[in-house]
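Data first, discussion second: the structure below is written as structure tokens.
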Amino acid sequence: KAVSRRAVRREHQEAAIMIERDVYKAILAPLAGADAPPPASLPRVAGIMAAPDMFYFVLPLYAGGDAADWLATPRPLRARLAVALDVARALEWLHALGLVHRDVKLENVVLASNPDADLPLAVLIDMGCVRVLDDSPLAAAARGYEAKLLATPGVRRLPFAGTVPYMSPEQLRVPKTVGRASDIWSLGTLLFAMILANASGPLPFEHTSEMDTMQAIVAGAYTPAAQAVLDASASACPLVTDLIHRMHTLDPAARPTITDVISILQSALDAETEHDGATASVPAEPADPDSVTATDGATSSHDRDDAAS
């Protein structure tokens, strides 16, 4: 990722660049009290460099493309659930660090391994919109960057950060105070697109007009097309459908935590894996009843391709 220093100065984004730099460093450091290393679904930054005219963030090459492109080809539910679970685990680590991503969307999820693998590895990228909460170990440095920038004549805070169709109501209303629950709302929108709609059609609150989209988000009003998808999915994928409804609760405090989301997605993935295994173990009906051959019912398994650079 290359960012022009001239553009940064023109748009007064020095604080955002410094915060993004610190975030990339922090997400790979050991987390206090954590029993496991950072999940593979967070980007491994190889280097951060500053040249006279550019900032450079050196990341691995994610040859599988982003999730929006990945979903252009029909994917099995099991693979889509696994990718969603990767995104949720990345958010869990960020939230534990006191960081709100603020731009969770299909285009910020990339496939780090073979996109046609049984269960490809997905990575949540782009920390350029991250908000540092007061309980974060990065809070003091972030507030320092922001204070220095806001002391510059002619500089004011940007009204909000993120991508409108994925934004939470509070992201639009009071962007300076968004917390972890804002990411939960955005992830719910991503789950709708990835699990239920399979990336076909608009997002659940998306209208032709951006203003209409914003009004729908603030009201928590699904579009008629989105409501039809949710109604149709209630029996086919009940766990995820109910979860999305809860993630799109207008009151941030009433939304599930990222830990709750992970637990439900894991249950849905386990159920789908068990269903796939049961289906694969049922022998096909022979064309000739007299030609039945013995079978042990064994099914093949595919190990997950976790190859990340």
Side-chain angles (χ1 to χ4, degrees), residues 36 39-42 64 66-68 70-71 73-95 101 104-106 108-113 115-124 166 180-181 183-201 203-204 222 226-249 254-282 299-306:
S41 51
L42 282 171
D66 66 39
W70 181 68
L71 288 168
T73 299
R75 305 292 178 179
L77 176 58
R78 182 165 169 256
R80 287 180 278 134
L81 284 166
V83 167
L85 194 54
D86 282 338
V87 178
R89 286 181 175 136
L91 284 176
E92 181 182 41
W93 194 268
L94 291 177
H95 288 185
H101 189 279
V104 177
K105 59 182 180 180
L106 290 174
N108 279 341
V109 177
V110 294
L111 283 299
S113 59
D116 296 318
D118 185 35
L119 295 182
L121 173 65
V123 177
L124 178 64
Y166 289 88
R180 297 169 176 87
D183 280 346
I184 299 298
W185 177 287
S186 301
L187 181 58
T189 299
L190 182 145
L191 291 182
F192 174 92
M194 181 172 289
I195 308 301
L196 303 188
N198 206 0
S200 63
L203 294 167
Y222 291 123
Q227 189 61 60
V229 169
L230 287 160
D231 292 345
S233 303
S235 58
C237 200
L239 281 176
V240 177
T241 304
D242 177 68
L243 175 62
I244 290 170
H245 279 297
R246 292 169 54 205
M247 295 169 83
H248 285 156
T249 301
R255 293 173 204 153
T257 66
I258 194 62
T259 303
D260 297 329
V261 172
I262 288 172
S263 176
I264 293 168
L265 288 177
Q266 186 65 64
S267 295
L269 177 58
D270 291 345
E272 186 63 19
T273 300
E274 183 177 349
H275 174 267
D276 285 354
T279 302
S281 66
V282 176
T299 61
S300 62
S301 62
H302 300 278
D303 292 331
R304 181 166 187 180
D305 182 358
D306 274 333

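We use all heavy atoms of the structure for the numbers below, so side chains are in, but hydrogens, waters and symmetry mates are not.
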Given side chains that start at C-beta, do those of [X] and [Y] come closer than 4.5 Å, heavy atoms only?
X	Y	result
Ile258	Ile184	yes
Asp86	Val109	no
Ile264	Val240	no
Arg75	Val83	no

Using the rule given for side-chain contact (heavy atoms from CB on, under 4.5 Å), can you reason through Leu106 versus Trp70, listing the C-alpha separation, both sets of side-chain angles and the distance that settles it, and then say yes or no?
CA-CA 9 Å; Leu106 290 174; Trp70 181 68; over 6 Å; no
To the nearest 0.5 Å, what is the distance between [atom1] on [X] and [atom2] on [Y]?
X	Y	atom1	atom2	value
Lys105	Leu124	NZ	CG	11.5 Å
Thr249	Ile244	OG1	CD1	12.0 Å
Leu239	Leu81	CG	CG	9.5 Å

Side chain [X], main chain [Y], donor-acceptor under 3.5 Å:
X	Y	value
Arg80	Ile195	yes
Ser267	Ser263	yes
Ser233	Thr241	no
Arg89	Pro39	no

Can you tell whether the side chains of Asp260 and Arg255 come within less than 4.0 Å, N to carboxylate O?
no
Closest non-hydrogen atom pair, [X] against [Y]:
X	Y	result
Val123	Leu42	CG1-C, 3.7 Å
Leu196	Cys237	CD2-CB, 4.2 Å
Ala79	Asp118	CB-O, 3.8 Å
Pro204	Phe192	CD-CD2, 3.4 Å
Tyr166	Trp185	O-CD1, 3.7 Å
Met194	Leu71	CA-CD1, 3.9 Å

Go through the steps for Leu91 and Val261 under the test side-chain contact (heavy atoms from CB on, under 4.5 Å), then give the verdict.
CA-CA 10 Å; Leu91 284 176; Val261 172; over 6 Å; no
When the ring centroid of Tyr222 is compared with that of His248, is the distance short of 6.0 Å?
yes
Which is it for His101 and Asn108 under the side-chain contact (heavy atoms from CB on, under 4.5 Å) test, yes or no, and what are the steps along the way?
CA-CA 11 Å; His101 189 279; Asn108 279 341; 4.1 Å; yes
